[in-house]
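Everything below concerns the one structure shown next.
Both counts, for ligands and for their atoms, begin at 1 and track the order of listing. Numbers here simply count residues along the sequence, with the first being 1.
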Amino acid sequence: MGRIYKALMFNDEISVSLLETTDIVNQAIEYHNLTPVCAAALGRTLTVCSFMSTSLKNNNDSLTVTISGDGPCGHIVACADSDNTVRGYVDNPQVDIPLKENGKLDVGACVGKGSIAVIKNMGLKEPWRGSCPIVSGEIGEDFSAYYTYSEQQPTAISVGVKIGRDLKCIASGGLIIQPLPFASEESILKCEELLSHFGAISTLIETIGFDGIIEKYFKDIKFDKYETSYNCKCSKDRIDRVVLTLGKDELYKICAEEGKVQVTCHFCSKAYDYQKKDIDILLSENG
Ligand SMILES: [Zn+2]
């Protein structure tokens, strides 16, 4: 289970969000068999997505983030619901590229140049859509730019994922700062002062832990607390609808050639098999 802590600080003029998403990244690694650099790229995106989910107010609200870069990992897709569950995938989870000279994972090179698109379904007639060019591909900076340009909300985002030698995630999390429109120069300066003492978020989680961060930097702050987790909501019903879009002729053709129709969920890699008799039933029920 991951955690999202949100609070207003500095005279209630600055919104601060802290996230711990280590379990979410480990679940993504387990489902997708991610290389460390892909785990970092998807993990940082899922962390931002967890944060974004707190802006969804109604039960059925959801959002989808698509990062379309020209780097070797291909698209990164992440979704979130109003219950703060997230899920995601990367086109090419096995891609590996050399570390940067400083020994860090080269997420920027893995993602490449392109654009970010965000779609929010909030029960309105049309979904809300926003987009922004990729700045560096390092994810945090890209979403900072997204919020500033597309949502007109200046936002500082620091997200980090640390992967161990066993290819599991040791620490993952985020720190997101948003000054409210009426924030004074004084509060912004105080916030910058606090941040100047703040290390890399994944290193802090690894060394002093999430509770240690709260204790050290935010001792007397009263946070709103949310749980966040990786949760795929695929079901036979949903996959049935995907299968039906292939059309009768194509379905029977695949059945004849391969013995069955198999659809694999992008988000959790679960395989759904349809034998010819299952196709018969599905088509007769939806004819
Ligand atoms: Zn699934």
With H75, which of D91, N92, T66 fulfils side chain to side chain donor-acceptor pair (under 3.5 Å)? D91
Can you tell which of I201, I176, I4 makes a side chain to side chain contact (heavy atoms under 4.5 Å, CB included) with L18? I201
Nearest heavy-atom neighbours spanning C232 and F267: SG-CB, 3.7 Å
Protein N/O/S atoms under 2.8 Å of the Zn ion (ligand 1)? C232 SG, C234 SG, C265 SG, C268 SG
Is the F51 ring parallel, tilted or perpendicular to the Y147 ring (thresholds 30°, 60°)? perpendicular
The test is salt bridge (charged side-chain N to carboxylate O under 4.0 Å, His left out); show your working for D83 and K233 and say whether it passes. CA-CA 12 Å; D83 61 2; K233 294 178 178 170; 2.9 Å; yes
Counting C-beta onward and ignoring hydrogens, is there a side-chain heavy-atom pair between S131 and S115 closer than 4.5 Å? no
